[in-house]
There are 2 protein chains.
Amino acid sequence: MAGRAGTGKTAESTDRVSVICRALRRAIIEQALEPGAKLPEDSLGERFGVSRTIARHALGQLAAEGLVELRRNRIAVVATPSWQEARDAFDIRIELERLVVRQLAGRLTKAQIAELTAHVDAEDRARDGTDAVSIRLATEFHILLAHMTNSPILVRYVSEVAYRCCLTLSLYSRPHSSECAINEHRAIIAALVKGDAAKAMELMHGHLDSVATRALVAPTPQRGRDLLDILAPYADETGSERVVKLPKAARR
Amino acid sequence: MAGRAGTGKTAESTDRVSVICRALRRAIIEQALEPGAKLPEDSLGERFGVSRTIARHALGQLAAEGLVELRRNRIAVVATPSWQEARDAFDIRIELERLVVRQLAGRLTKAQIAELTAHVDAEDRARDGTDAVSIRLATEFHILLAHMTNSPILVRYVSEVAYRCCLTLSLYSRPHSSECAINEHRAIIAALVKGDAAKAMELMHGHLDSVATRALVAPTPQRGRDLLDILAPYADETGSERVVKLPKAARR
DNA sequence: GGCGCCCGAATTGCATGCAGTTTGTGCCGC
DNA sequence: GCGGCACAAACTGCATGCAATTCGGGCGCC
C-alpha cells in the first residue's frame, strides 16, 4: 500500500563524515551552537579524532544544506539566515509538509501510528526538560512524518528546511519554550489516521504558520541582522557618552 | 516591491570546485553524461587541471544535490533515480514551482518580463538544434523563474529538483524531443504578467504534470532498472544462437 | 585615552603520498 | 569452450605538508 523503493543514503554514511554532520546538526538544532558560532576545521578534526580533510568535508556537506556558511579563507560559521530567508524557508516548508501529509493520509500502518504516538508522548514528557530537547523532538516529529512517505527526496528536503527553520528560531524567536504546540501534532496524527487528507493539510499548514508567525513576529531588526543597520538610528547621538565599540562587539 | 536580501552563494563559488560542478551539471543535463556514467576522481582532476582533492569535493557537492551517487571505495557515478524517485521528484517540483509563480504573479518588472520572453524566444530558436540544448533551455526557464523570486532557498531547491527531473527524463523518456511545450511557457508568463496567481499556478501544475506523465508513462521496466530483470523474459530461449554477453554489455 | 599599523599566530586552500579496497584480466583446471 | 581463481592495475580514503591568507594583539603615534 505504501511501498516504495528508497535507497535512503546518498552521500550520507560515508561514515566519519556523516558522524560529524549528525553531531553538528544536532548541536545546531539544540542551539548549543548559535548562529555565527565559529567552526574551525582542526578544532573539529581534533574533537572527532579525524584529520582536517574529513572535518572539511563535513563542513562542505552542512554548507550544502544551508546550516553552515563557508567563506573563502575564513573560518566556517553556523549560518545566520536573514529574516526574509527565514520567512522563505517557512513558506517552502509549509508546501513540502502539506505534500507529506497528503501522501500519508489514510495510509499509515498500525506500527507507524504507534511510533508517532510514542514520539508525541516523548515530547510531552520532555516538557519539563530543557528547551533544547523540546525543540529537537518537535523538529524530529516532522522529519519522522517525512520518513513515513518512503520518499528519500522528500525526507531530505523536509529535514533540511526544518533544520533551517530551527536555526531561525534560535535567531529571531524569544525563548518562550515549546514553540511547537504538541496538541497540534496530535491533531495532525488524528486527521491522518482518519484518512482526511484535506483536514491534515489544513492542520499542518496552520501549525507551521503559527510557529512561523509566533517566531517571526516582525522583521525585528534588533536581532540577527547587520549591526550597522541596527546602530544607524543611534548614529546621530553625537555628543553623548558611551559610544558603541564597533570592532570589539562585532558578533561574539 | 519585490526586494529581498539574498546572499545567493552558500558554498557555491569556492571557485574551482564550483566550476567543475557547473560543468558536470551541464553535461548531465544535456545528457552527455548518461545515468550510470563513471566519474573517477583523477580523470576529473586531470581534465580540469586540479588535484583529486578538488574533484572529490565537487563530487561531494553533486552527490548532496542528488545528481551523483557516491559509493564507498567505488567510482562515483551519475545517479540513476528509480521510477518512484522520479515520480516523487516531480511531485515536489510541482509544489515548489507553484510557490514560485504564486510569489511572482503580478510582481514582475518590465526587465524581468523581457528576460523571460527572450529566453522563450531562444527556446523557440533552439528547436532545430539538438535535443540536448532544448532540454537545457527548458530547464533553465524554470530556474530563471525561481531566480526572480529573489529567494536563494527556493532557487536552490527548484534547481536541484529540476536537474533531477532532467536526469529521469534521460532515463525513462523516449527521445521525442521538446519535452517542454514552449507555448505553455508563454502562457505562464502571460498569466504572471496579468497578475493572475491562481491561473499561473494551475498552468504551471498542468505543465509539469504533462511533462511528468509524458515522460513517466508507466513504471517502464525496460529502461533504467537492473538489466537482469530486463533480460529475464529472454532467458528461456535456450537452444538459440546469439546468447547475450552479460558482463561485456553492462551499461555504457 | 583612542586610533591605526604591523607582525606573529592561527587558519584555510590545495597537492601529494601511502594504505586499503575494488575492478578487470589473464591463466589454469575442467 | 567455460567457470573460477589469482594477481596486477586502478581507484578511493585519509593524513599530512606547504604556501597563502586572515585574525588578533601589542606597540607607537596622535
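Chain naming here is simple, since letters A, B, ... match the order of the sequence lines and numbering starts at 1 in each. What you are looking at is a predicted structure, and each value in this text was computed from that prediction instead of being measured.
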Next item on the list: Taking only the side-chain nitrogens and oxygens of A/Arg16, find out if one of them lies under 4.0 Å from OP1 or OP2 of D/dG13.
Entry: no
Taken to the nearest 0.5 Å, the spacing of B/Glu85 CD from A/Ile153 CD1 works out to 5.5 Å
| Using a cut-off of less than 4.0 Å, is there contact between a side-chain N or O of A/Arg72 and OP1 or OP2 of D/dT21? | no
query = Is there a donor-acceptor pair under 3.5 Å between the side chain of A/Arg164 and the backbone N or O of A/Glu65?
reply = yes
Closest to the side chain of B/Arg52, out of C/dG24, D/dG13, D/dT21, is D/dG13
Between CZ of B/Arg71 and P of C/dT22 the distance, given in whole Å, is 12 Å
Short side-chain N/O contact from B/Ser51 to OP1 or OP2 of C/dA15, under 4.0 Å: yes
Are any of B/Lys38's side-chain N or O atoms less than 4.0 Å away from OP1 or OP2 of C/dG24?
-> yes
From CD of A/Glu41 across to P of D/dC14 the rounded distance in Å is 16 Å
When rounded to whole Å, the CG to C1' distance for the pair B/Leu39 and D/dT12 reads 14 Å
ask   = Going by the angle between their ring planes, with limits at 30° and 60°, are B/His119 and B/Phe141 parallel, tilted or perpendicular?
value = tilted
B/His57 NE2 to C/dA15 P, in whole Å, measures 13 Å
Between CG of A/Leu59 and P of C/dT12 the distance, given in whole Å, is 8 Å
Of the listed D/dT12, C/dT11, C/dG13, the closest approach to the A/Asn73 side chain comes from C/dG13
Judged by nearest nucleotide, the residue sitting upstream toward the 5' end of DNA chain D, A/Ile75 or B/Pro40, is B/Pro40
Here the distance between atom C1' of C/dG13 and atom CZ of B/Arg56, to the nearest Å, is 16 Å
Taken to the nearest whole Å, CG/B/Leu70 to P/D/dC11 is 16 Å
Review point. Is a side-chain N or O of A/Arg87 found less than 3.5 angstrom from the main chain of A/Ala212, in a donor-acceptor match?
Key: no
Separation of D/dA15 atom P from A/Phe48 atom CZ, nearest Å, is 14 Å
Looking only at C/dC14, D/dG13, D/dT16, the nucleotide nearest the A/Thr53 side chain is D/dT16
Open item on the list: Should the side chain of B/Arg74 and the base of D/dG13 be counted as holding a donor-acceptor pair, with the cut-off at 3.5 Å?
Closed with: no
Main chain of A/Pro40, side chain of A/Arg52: is a donor-acceptor contact present, judged purely on distance under 3.5 Å? no
Side-chain atoms of B/Asp42 come closest, of D/dT21, D/dG13, D/dC11, to D/dC11
